[in-house]
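None of these values were measured; they are calculated from a predicted model. Throughout, residue positions are numbered sequentially from 1 according to the sequence presented. Below, each value reflects all heavy atoms present in this structure, side chains not excepted, and no hydrogens, waters or symmetry copies.
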Amino acid sequence: MHRAHARWAARARPATGFVSQPEPRSIGHFARGRQLLAGNFLFAGVLTTAPGGSIWAAQGDRAMVDQELHSFAWLDDLAAVGDARARHAAQAWVAEWIDAFGDGTGPGWTPDLTGRRLIRWISHGVFLLRGQDKDAQARLFRSLGQQTLFLSRRWRSTRPGLARFEALAGMIYAGLSLEGMEHLTAPAIAALASDCASQIRADGGIATRNPEELLDVLTLLLWAQTAIEGSEQLVPGAITQAIARIGPTLRALRHADGGLARFHGGGRGLDGRLDHALAQIGGKKEIGDAECMGFARIGAGRTTLIADGARPPEGAASLNAHASTLAFEMTSGRRPLIVNCGSGVSFGADWRRAGRATPSHSTLGIGGYSSSRLGPSVTTSGVAQEMLVDLPDVVNCIVTHLDDGRRAELSHDGFRITHGLTHARTLEMTTDGRGLAGEDLLTTLDSSDKERFDRALDATQMQGIPYAIRFHLHPDVDATVDLGGAAVSMALKSGEIWVLRHDGHAELRLEPSVYLETGRLKPRAARQVVLSGVAMAYATRIRWSLAKAQDTPDVVRDLAPARAAEDDDTDFGDDT
């Protein structure tokens, strides 16, 4: 259906010029632009070296590479270089796209990709037109008009969420910028306002619960708002209200180092984009303890902790979601300490699947099970994706401010059907942010749970149900096991040393891990601290602490009054 409308648009009346001189809205990377000019094309984790060649020669998984190529986000990087060589390359590669795909064929004719492409072509319009003859300029405007008309026909077919925001923002930008397309502006603005009201939740979150995707949505809304205001039209209240709701949520999902929490397929966010977006919004810059978009945030001093405290996204919103319930990330100052492995999308299907599993997150897992599992595969925009199914039925999250610190209390029943167990996690941070006390509890809640647990235990020949609590470390953290295997020292590049101790009810060891980052050729090697053991009873409690080396004395308080005597015998010791 997209192709039929694309071919119709290719025969339609073109745009004739810009209503006003457009200005770039997005931030490019100078170094990446220089790499493109050198013929080093890195897309979807694959490096293609073709000195003097075309960007369209980039190799790799076609579905993934085409998503990046046909969005034209790489134009930002060439514009960041901004010299004559960069301009000529941009003009040549845009012309090649028009020659190969301008007739409405090829993988780039989906509403979301078309919206992204339109925004880039228009915002870098002066860059693309400079020095071009009239025929080349006419070809560019013809293609812009055709793509805009395609969007006007097909935006409704796009799944609600980021993809539709991209399509509508592109149509607004084109309608306000291109001569002859003005009539498309009002319907697009109305549709965007409607989606803002229905898709941006009261807490400023979105259905996918992906922090980086929320930043992308905010960026699009700010671009649309600026374009509407520039045309001296009234911005609908639904758009401005959505922007106002998103701002505080993104502040809450931001670590002390400035990066976003990496959950549900999202990364840290492009350098500078979050700062720029929040500066445009203005308002309060400090954020306290909060529960936003299903995440628990506790922070004190120079330390921030963000934990996943809600059910994973459901249905179509779960296509990039992770089984990360109760996982947390922790940053000390400008240095990440505890992380999740991240999204492996750019490294292929196997890494993508592995990154979504519970063992790739800093939380407790049971055997080879995840708290949610991957189910049916769905193809969107040419990319095969699997939905999460068998989600936890009940996830609880409470954040409280104590006299002597902050506490997050979380639980989920994702292991209840398979093992009869509910996982409860308590995280307490001291008022100065220099210590964190943690407790993980596996417990049965009723008689039916005990029956399931007994069956699961019988299946192990009474050897116990294996569990593992994982603390994935950032690649820059240097970790060593010390004190006879009772603790792990973790040194940050800032010179800080954090020590992880536990109550002796689990085995502590260091294992290999990975840190998955978009834009790299391969996963980065990292380490993880693993506390492992077996559950033999209806309740299994594991307590641990994280503290800076200079002030580690027993930050773990009595979280279980019934076992106070036993816990008082636990020696967490002093750091040396």
Q: Please confirm whether the backbone N or O of Ala174 pairs with a side-chain atom of Ser177, one donor and one acceptor, at under 3.5 Å?
A: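 Absent.
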Q: Measure across Phe150 and Pro111 and return the closest heavy-atom pair with its distance rounded to 0.1 Å.
A: CE2-N, 4.0 Å
Q: Rounded to the nearest 0.5 Å, what separation is found between the CD atom of Gln528 and the OG atom of Ser360?
A: 8.5 Å
Q: Please evaluate residues Arg254 and Thr331 with respect to the criterion side chain to side chain contact (heavy atoms under 4.5 Å, CB included), reporting the C-alpha separation (whole Å), side-chain torsions for both, the decisive distance (0.1 Å), and the verdict.
A: CA-CA 10 Å; Arg254 187 186 203 190; Thr331 295; over 6 Å; no
Q: Quick one about His70 and Trp97 (side-chain donor to acceptor, distance below 3.5 Å, no hydrogens or angles considered), yes or no?
A: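 Trp97 vs His70: donor-acceptor pair found between side chains.
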Q: Any side-chain heavy-atom pair from Arg470 and His361 closer than 4.5 angstrom?
A: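 Contact flag for Arg470/His361 side chains = no.
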Q: For a quick check under 3.5 Å, do Arg117 and Thr114 share a side-chain donor-acceptor pair by atom type?
A: yes
Q: Tell me whether the NZ or CZ atom of Arg262 lies within the 45° cone about the ring axis of Tyr515 and under 6.0 Å from its centre.
A: yes
Q: So, do Leu305 and Arg406 sit near enough that their side-chain heavy atoms are less than 4.5 Å apart?
A: no
Q: Would you check if the side chain of His322 reaches a backbone N or O of Gly355 as a donor-acceptor pair within less than 3.5 Å?
A: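 Judged by distance alone, yes, a pair lies under 3.5 Å.
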Q: Looking at every non-hydrogen atom in both residues, tell me the closest pair between Leu473 and Ala526 and how far apart they are.
A: O-CB, 3.5 Å
Q: To the nearest 0.5 Å, how far apart are CG in Asp440 and OG1 in Thr363?
A: 6.5 Å
Q: Would you call the rings of Phe347 and Trp351 parallel, tilted or perpendicular, taking 30° and 60° as the class edges?
A: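 Rings of Phe347 and Trp351: perpendicular, over 60°.
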Q: If you take all heavy atoms of Ala408 and Leu410, which pair is closest and at what distance?
A: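 Distance-wise, the nearest heavy atoms are O-CD1, 3.9 Å.
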Q: Going by heavy atoms in the side chains, are Glu428 and Ile298 under 4.5 Å from each other?
A: no
Q: Going through the checks in order, is the side chain to side chain contact (heavy atoms under 4.5 Å, CB included) test met by Thr249 and Phe295?
A: CA-CA 10 Å; Thr249 299; Phe295 295 96; over 6 Å; no
Q: Would you check if the side chain of Thr358 reaches a backbone N or O of Ala323 as a donor-acceptor pair within less than 3.5 Å?
A: yes
Q: Should the heavy atoms of other residues, nucleotides or ligands under 6.0 Å from OH of Tyr369 be counted, would the total exceed 12?
A: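 No, the 6.0 Å shell around OH holds no more than 12 heavy atoms from other groups.
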Q: Are Trp121 and Phe72 close enough, and set up right, to give a ring pair (Phe, Tyr, Trp, His ring centres under 6.0 Å), and what steps lead you there?
A: CA-CA 8 Å; Trp121 283 24; Phe72 278 79; 5.4 Å; yes
Q: So do the side chains of Ser324 and Ser371 get within less than 4.5 Å of each other, counting heavy atoms only?
A: no
Q: Report the distance from atom OG1 of Thr185 to atom CD of Gln233, rounding to the nearest 0.5 Å.
A: 6.5 Å
Q: Between atom OG of Ser71 and atom CG of Leu118, what is the distance when rounded to the nearest 0.5 Å?
A: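 Spacing of OG (Ser71) from CG (Leu118) equals 12.0 Å.
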Q: Kindly indicate, with the supporting measurements, whether the criterion side chain to side chain contact (heavy atoms under 4.5 Å, CB included) is fulfilled by Asn320 and Thr208.
A: CA-CA 8 Å; Asn320 288 306; Thr208 63; over 6 Å; no
Q: Can you find a pair of side-chain heavy atoms, one from Leu274 and one from Leu218, that are under 4.5 Å apart?
A: no
Q: Within the side chain of Glu212, is there an N or O that forms a donor-acceptor pair under 3.5 Å with the backbone of Gly267?
A: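 Yes, Glu212 side chain to Gly267 backbone: donor-acceptor pair under 3.5 Å.
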Q: Answer yes or no: is there a donor N or O on one side and an acceptor on the other, between the side chain of Ser152 and the main chain of Leu149, under 3.5 Å?
A: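 Yes, Ser152 side chain to Leu149 backbone: donor-acceptor pair under 3.5 Å.
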Q: Measuring only between side-chain heavy atoms, which start at C-beta, is Leu445 closer than 4.5 Å to Asp413?
A: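 A side-chain contact is absent here, since even the closest heavy-atom pair is not under 4.5 Å.
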Q: Does Asp393 come within less than 4.0 Å of Arg416, counting only side-chain N to carboxylate O?
A: no
Q: Charged N to carboxylate O below 4.0 Å: is that the case for Arg209 and Asp308?
A: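 Salt bridge between Arg209 and Asp308, a charged N being under 4.0 Å from a carboxylate O: yes.
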Q: Taking all non-hydrogen atoms of both residues into account, name the closest pair between Cys341 and Val514 and its distance.
A: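 Closest heavy-atom pair between Cys341 and Val514: SG-O, 3.4 Å.
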Q: Of all heavy-atom pairs between Gly269 and Leu215, which one has the smallest distance, and what is that distance?
A: CA-CD2, 4.4 Å
Q: Classify the side-chain pair His472/Ser362 by whether it contains a donor and acceptor separated by less than 3.5 Å.
A: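 No donor-acceptor contact under 3.5 Å links the two side chains.
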Q: Taking the side chain as every heavy atom from C-beta outward, state whether His423 and Leu442 have any atom pair closer than 4.5 Å.
A: yes
Q: Kindly indicate, with the supporting measurements, whether the criterion side chain to side chain contact (heavy atoms under 4.5 Å, CB included) is fulfilled by Ile189 and Ile228.
A: CA-CA 9 Å; Ile189 292 175; Ile228 296 169; 3.9 Å; yes
Q: Using 0.5 Å steps for rounding, measure from the CG atom of Leu69 to the CZ atom of Phe43.
A: 5.0 Å
Q: Is there a donor-acceptor contact under 3.5 Å from the side chain of Arg159 to the main chain of Arg164?
A: no
Q: Would you say Thr325 and His412 are linked by a side-chain donor-acceptor pair, where the criterion is simply a distance under 3.5 Å?
A: no
Q: For His264, is there any backbone N or O sitting under 3.5 Å from a side-chain donor or acceptor partner on Asn210?
A: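 Flag set: sc Asn210 to bb His264 pair under 3.5 Å.
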Q: Once you round to the nearest 0.5 Å, how far does OG1 of Thr518 lie from CZ of Arg520?
A: 11.0 Å
Q: Between Arg425 and Ile469, is any pair of side-chain heavy atoms under 4.5 Å apart?
A: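 With C-beta onward as the side chain, the pair touches.
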Q: Out of Arg268, Arg302, His474, Arg334, which residue meets the side chain to side chain donor-acceptor pair (under 3.5 Å) rule with Asp257?
A: Arg268
Q: Do the side chain of Arg245 and the main chain of Gly205 share a donor and acceptor less than 3.5 angstrom apart?
A: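 Between the backbone of Gly205 and the side chain of Arg245 there is no qualifying donor-acceptor contact (under 3.5 Å).
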Q: Indicate yes or no for a side-chain donor-acceptor contact from Glu329 to the backbone of Asn340 under 3.5 Å, with no hydrogens or angles considered.
A: yes
Q: Quick one: closest heavy-atom pair of Cys292 and Leu253, and the distance?
A: O-CD2, 4.0 Å
Q: Hey, does the side chain of Thr226 reach the backbone of Leu222 with a donor-acceptor pair shorter than 3.5 angstrom?
A: yes
Q: Which one of Arg373, Arg352, Arg353 satisfies the side chain to side chain donor-acceptor pair (under 3.5 Å) criterion with Glu386?
A: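 Only one option passes, and that is Arg353.
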